[in-house]
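Since the structure comes first, as structure tokens, the remarks are kept for the end.
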Amino acid sequence: MNLYQSKNSNNLNILKEKPFKLEREIQILFEKNLSELMGLEMVNSEFVIKGKRIDTLGYDPQSKAFVIIEYKRDKNVSVVDQGFTYLSLMLENKADFVLTYNETLKKSIHSSSVDWSQTRVVFVSPNFTENQRLATNFKDIAIELWEIKRYENDVIIINPIKKTKSAETIKTVTKQSSLIKSVNEEIKVYNEEDHLNRRTEEIVELYESFKEALLNLKPDFEIVPKKWYIAFKLNKNVVDIELQAKSLKIWINLKKGQLDDPKNLMRDVSITGHGGNGDYEVNVKDTENLEYIMSLVKQAI
């Protein structure tokens, strides 16, 4: 992909790529902007456990799960083997990760409040080989590839590599590796089908109506299925939708007092327990208020 800078209305100048010389440059860039780039809390840099070094340890407050980030310039490394090794290391040493989080951030979370099934590993690199892309192209693998490139004029492009729609399940290869099998018994990567298959045709159709409206509102929404809900995400979750037996429960990710809701349709859940993100919640059983709800969603974008 070529990038251009417009000098005037008729002339374009191509921006030349300025490759990173060291992995450390990429690591510093990510760690200083971890909240903005990935919506994560920065926990620890160069975290060493059981003789292995983790480049960056982050925590996802929305998923309530740890995220391991590794930076790569070597194209010959098997990201699947390394990824599952780190996932296994975390699952076998949960208390150490929780202790590091509490000591570093001066907070107090318990191991039972962490959703270990949502743990994932992210590899960041200027380039990934075709083999690396194919090896992680499973819809239920807890390994992500993020590509980063630097250009002239301090332009940075960061592109999470999405799984293809035809991606198969990792279960097709679990018999080849006891490590992969043991990790997959505890870690679960969710997809839309996990939510849709449990619901009636009426609820699925209602969800599809709201999904279509959201994508019409913002085509670049990333759809991220979680354990209890489906998130519509930009740089952070904007809307979360839980498919229930007879309705959809929708959360708009704004803090109390930030939403202008003339019809008082949304319920304030700022001091009550709730599944999605944000302080505003509504249950819908039809599309009567769909357009009005989209007008509220715009305020969170």
Side-chain angles (χ1 to χ4, degrees), residues 23-24 26-31 34 37-105 109 111 114-129 131-148 160-161 163 169-171 173-174 176-190 224 226-227:
E23 287 180 10
R24 184 64 180 167
I26 303 174
Q27 182 172 353
I28 292 173
L29 179 66
F30 259 72
E31 290 183 347
L34 203 57
L37 292 175
M38 304 180 73
L40 304 180
E41 294 178 327
M42 177 65 194
V43 179
N44 205 297
S45 181
E46 308 293 334
F47 177 50
V48 178
I49 182 168
K50 304 298 181 183
K52 294 190 179 296
R53 178 181 58 80
I54 292 172
D55 289 342
T56 302
L57 178 62
Y59 183 80
D60 187 341
Q62 296 184 332
S63 297
K64 294 181 172 58
F66 285 100
V67 179
I68 293 172
I69 306 172
E70 288 291 305
Y71 309 94
K72 294 296 171 194
R73 288 182 56 83
D74 187 352
K75 296 181 180 180
N76 298 317
V77 173
S78 170
V79 292
V80 171
D81 290 344
Q82 187 176 6
F84 275 96
T85 296
Y86 280 125
L87 289 170
S88 177
L89 185 70
M90 178 179 289
L91 296 176
E92 292 174 357
N93 300 276
K94 296 176 181 178
D96 295 282
F97 284 84
V98 172
L99 179 62
T100 299
Y101 176 91
N102 288 338
E103 289 184 344
T104 304
L105 299 183
I109 63 169
S111 179
V114 177
D115 188 351
W116 299 100
S117 71
Q118 295 288 279
T119 301
R120 66 188 194 273
V121 175
V122 176
F123 288 97
V124 181
S125 175
N127 294 285
F128 291 102
T129 66
N131 284 339
Q132 288 172 329
R133 291 170 181 254
L134 290 173
T136 55
N137 189 38
F138 294 95
K139 62 183 179 181
D140 50 0
I141 193 172
I143 298 174
E144 300 176 9
L145 305 182
W146 287 46
E147 201 168 62
I148 179 171
I161 298 174
K163 308 288 194 296
T169 171
I170 189 64
K171 294 176 182 177
V173 298
T174 52
Q176 300 177 21
S177 169
S178 59
L179 175 61
I180 293 177
K181 185 176 181 179
S182 64
V183 168
N184 277 338
E185 288 176 351
E186 186 160 353
I187 290 180
K188 167 69 175 174
V189 179
Y190 294 89
V224 185
K226 297 294 185 180
K227 179 185 288 188

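Side-chain contact, S117 with D115: a donor N or O sits under 3.5 Å from an acceptor N or O.
Atoms CZ and CG, from F123 and L145 in turn, are 8.0 Å apart once rounded to the nearest 0.5 Å. For the atom pair CD1 (I69) and CD1 (I26), the distance works out to 12.5 Å, reported to the nearest 0.5 Å. With rounding to the nearest 0.5 Å, the separation of CD1 in I143 from CG in L87 is 6.0 Å. The CD atom of Q62 sits 7.5 Å away from atom NZ of K226, with the distance rounded to the nearest 0.5 Å. The CD1 atom of I187 sits 11.5 Å away from the CG atom of D140 when rounded to the nearest 0.5 Å. Atoms CG and CD, on L105 and E103 in that order, are 11.0 Å from each other to the nearest 0.5 Å.
P160 has its side chain out of reach of E144: every pair of non-hydrogen atoms, C-beta onward, lies at least 4.5 Å apart. Between E41 and L34 the shortest side-chain heavy-atom distance does not fall below 4.5 Å. Y71 has its side chain out of reach of R24: every pair of non-hydrogen atoms, C-beta onward, lies at least 4.5 Å apart. The side-chain heavy atoms of F84 and V121, taken from C-beta on, include no pair separated by under 4.5 Å. Put simply, the side chain of K188 does not reach to within 4.5 Å of the side chain of K227, judged on heavy atoms. Using a 4.5 Å heavy-atom cutoff, the side chains of L57 and T104 are not in contact.
Of the possible donor and acceptor atoms, one in the side chain of N102 sits under 3.5 Å from a partner among the backbone N and O of I109. Counting only distance, with no hydrogens or angles, the side chain of N93 and the backbone of L89 share a donor-acceptor pair below 3.5 Å. Using a distance-only test at 3.5 Å, with no hydrogens or angles considered, a donor-acceptor pair links the side chain of T119 to the main chain of W116. When atom types are taken as modelled, the side chain of S125 and the backbone of F128 share no donor-acceptor pair closer than 3.5 angstrom.
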Please lay out, stage by stage, how I54 and M90 fare under the test side chain to side chain contact (heavy atoms under 4.5 Å, CB included). CA-CA 10 Å; I54 292 172; M90 178 179 289; 5.8 Å; no

Between T136 and I161, is the side chain to side chain contact (heavy atoms under 4.5 Å, CB included) condition met? List the steps. CA-CA 10 Å; T136 55; I161 298 174; over 6 Å; no

The test is side chain to side chain contact (heavy atoms under 4.5 Å, CB included); show your working for T56 and L40 and say whether it passes. CA-CA 11 Å; T56 302; L40 304 180; over 6 Å; no

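Taking a cutoff of 4.0 Å between a charged side-chain nitrogen and a carboxylate oxygen, D55 and R53 qualify as a salt bridge. Between D60 and R120 there is a salt bridge, since a side-chain N of the basic residue sits under 4.0 Å from a carboxylate O of the acidic one.
The ring-ring contact (aromatic ring centres under 6.0 Å, His included) search around F47 returns F97, not counting sequence neighbours. Applying the side-chain hydrogen bond (donor to acceptor under 3.5 Å, both in side chains) criterion to S45, with sequence neighbours excluded, gives Q27, E31. Under the rule for a side-chain contact (heavy atoms from CB on, under 4.5 Å), the partners of L37 that lie at least two apart in sequence or sit in another chain are F30, N33, I158.
Counting all heavy atoms, side chain and backbone alike, V122 lies closest to M38 at CG2-CE, 3.8 Å. Here the closest non-hydrogen pair linking K94 and E186 is NZ-OE2, 2.5 Å. Minimum interatomic distance between K64 and Y59 (heavy atoms only, all atoms of both residues): CA-OH, 3.2 Å. Annotation for P61 and G39: closest pair CD-O, 3.5 Å, computed over non-hydrogen atoms.
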